[in-house]
Amino acid sequence: MKILGIETSCDDTGAAIFDSEKGILSQRLHTQLDLREKYGGVVPELSSRDHIRRLAPLVNDVLNESNCGTEDLHGVAYTAGPGLMGALLVGSMFARSLAFAWQKPSVAVHHLEAHVLAVMLEEKKPQFPFLTLLVSGGHTMLLRADDIGSYQLLGESLDDAAGEAFDKTARLMGLDYPGGARIAEFALQGNAMSYHFPRPMVDRPGLDFSFSGLKTYAHNTWQTSKQDHEARCDISHAFQEAIVDTLVIKCRRALEKTKLKQLVIAGGVAANQRLRERLAEMVEKFDAELFYPKPSLCTDNGAMVAYAGYRRFLLGQSDPLTAPIQPRWPL
Ligand code: KG4
Ligand code: ZN
């Protein structure tokens, strides 16, 4: 079964073709970095217009590269939420128009389910049930994944997502997007003895997170520092350690609580090398296993949407061409 996947939940335009026999046949991504840099963040209206410009060429490219005729496709999967209303509208309209023209079924994919399932595109994959730490620019949550479409929320951020805290702290220190990746680079040169940042909410029971206080702590530390390269590296180091430590503590607690033996990390922040190393050490002590997608499948992409759509089609599901998009859509 070959599926075309289309992702437009925020400011990444992604297209990919997944084949159930051969895996990902082709994928393309356009990240609106130029727009982000120019306006200091995502401007929803501009992002939507950019998706309009990018979608047709990207889809053409993936069809050509995979040598896929439209007759070879089983159907079209698209992100229907959560995300920016305009961006979702553009992607879903485009995807459903193709499905209509090609007389193929279409399926509305939940962006977070696509992130959770991205790991299934790797050789080393988990079996249900498993624990997932989903950490992206928009979400920080711990989930128990029992099956396709069956997820239980165990804890989430009460304020900023981890990626958002990375991005805002990076911007404060004059670093560009993606902030998490920039902070990770600068952290490599940081002196571990210079600063120690708090680990938010670890002394409270439960599996919720809070990162906005940490962001304020970084702000105050930066304001009173020399604001030079050394300060940037040292603060990046202390900030990354605090976020990673907090995530590791909560994952450990969730493994203890659920008794699950597999931990999956997903979303853009799961690309973080330090987080991967620290979680790998932690799961070993629990006789558990860690699973993660390659970095390009952690951040937003069309392949994870094609795969999530495939799993839905496999269950005999599809959606009518009139299916609504859902900017707010609990998993
Ligand atoms: O999953 P994603 O592409 O978009 C959302 O659905 O939100 O995640 C983007 C987030 C950004 O906040 C970015 O700073 C973060 O992922 N990120 C990282 C790294 N690469 C991207 N955070 C930490 N370390 C990285 N290497
Ligand atoms: Zn995402």
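In each ligand, atom 1 is the first atom listed, and ligand 1 is the first ligand listed. Since we're looking at a predicted model, the values are computed, not measured. Throughout, numbering of the chain's residues begins at 1 and tracks the sequence.
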For ligand 1, which is the ligand I care about here, please tell me if [X] has any N or O atom under 3.5 Å from one of the ligand's N or O atoms.
| X | value |
| --- | --- |
| F166 | no |
| D167 | yes |
| P178 | no |
| G137 | yes |
| N272 | yes |
| G267 | no |

Taking NZ, NE, NH1 and NH2 as the nitrogens, is one of them in [X] or [Y] under 4.0 Å from a carboxylate oxygen of the other?
| X | Y | answer |
| --- | --- | --- |
| R278 | D245 | yes |
| E230 | K226 | no |
| R252 | E256 | no |
| E65 | R28 | yes |
| D34 | R36 | no |
| R54 | D50 | yes |
| D176 | R182 | yes |

Discussion item. Applying the side chain to side chain donor-acceptor pair (under 3.5 Å) criterion to T13, which one of E7, R53, H51 satisfies it?
Written reply: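 With T13 as partner, E7, R53, H51 yield a single side chain to side chain donor-acceptor pair (under 3.5 Å), made by H51.
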Discussion item. I want to check a possible cation-pi pair here: R144 against F130, using under 6.0 Å from ring centre and within 45° of the ring axis as the test.
Written reply: no
Worksheet entry | Parallel, tilted or perpendicular: rings of F197 and F239 (30°, 60°) |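 Perpendicular, since the angle between the ring planes exceeds 60°.
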Find all atoms of ligand 1 within a distance of less than 4.0 Å from any non-hydrogen atom belonging to [X], and give their numbers and elements.
| X | result |
| --- | --- |
| G180 | 14 (O), 18 (C), 19 (C), 22 (N), 23 (C), 24 (N), 25 (C) |
| G163 | 12 (O) |
| H115 | 1 (O), 6 (O) |
| T299 | 1 (O), 3 (O) |
| Y177 | 9 (C), 11 (C) |

Fill in: side-chain hydrogen bond (donor to acceptor under 3.5 Å, both in side chains) evaluation trace for D160 with S212
CA-CA 5 Å; D160 289 1; S212 81; 5.3 Å; no
Report yes or no: does a heavy atom of [X] sit under 4.0 Å from some atom of ligand 1?
| X | answer |
| --- | --- |
| G138 | yes |
| A162 | no |
| Q273 | no |

Worksheet item: Transitive ILVMFWY cluster of M85 at side-chain heavy atoms under 4.5 Å: who else is in it?
Response: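 Cluster partners of M85: L88, L89, M93, I325.
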Discussion item. Heavy atom to atom 21 (C) of ligand 1, shortest distance: which of G268, A161, S136 holds it?
Written reply: G268
With a heavy-atom distance limit of 4.0 Å, tell me whether [X] approaches ligand 1 through its side chain, its backbone, both, or neither.
| X | result |
| --- | --- |
| D300 | both |
| H139 | neither |
| H111 | side chain |
| C298 | backbone |

Discussion item. What I want to check is whether the side chains of D11 and S47 have a donor and an acceptor closer together than 3.5 Å.
Written reply: no
Item to complete: Any pair with a residue in residues 124-141 that passes salt bridge (Lys or Arg N to Asp or Glu O under 4.0 Å), sequence neighbours left out, goes on the list, sorted by first then second residue, please.
Response: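 For residues 124-141, and leaving out neighbouring residues, the salt bridge (Lys or Arg N to Asp or Glu O under 4.0 Å) pairs sorted by first residue read K124-E289.
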Fill in: Pairing residues for E241 by the side-chain hydrogen bond (donor to acceptor under 3.5 Å, both in side chains) criterion, not counting sequence neighbours
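Once residues adjacent in sequence are excluded, the partners of E241 under the side-chain hydrogen bond (donor to acceptor under 3.5 Å, both in side chains) criterion are R274.
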Worksheet entry | For the Zn ion (ligand 2): protein N/O/S atoms at distances below 2.8 Å |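 N, O or S atoms of the protein closer than 2.8 Å: 3.
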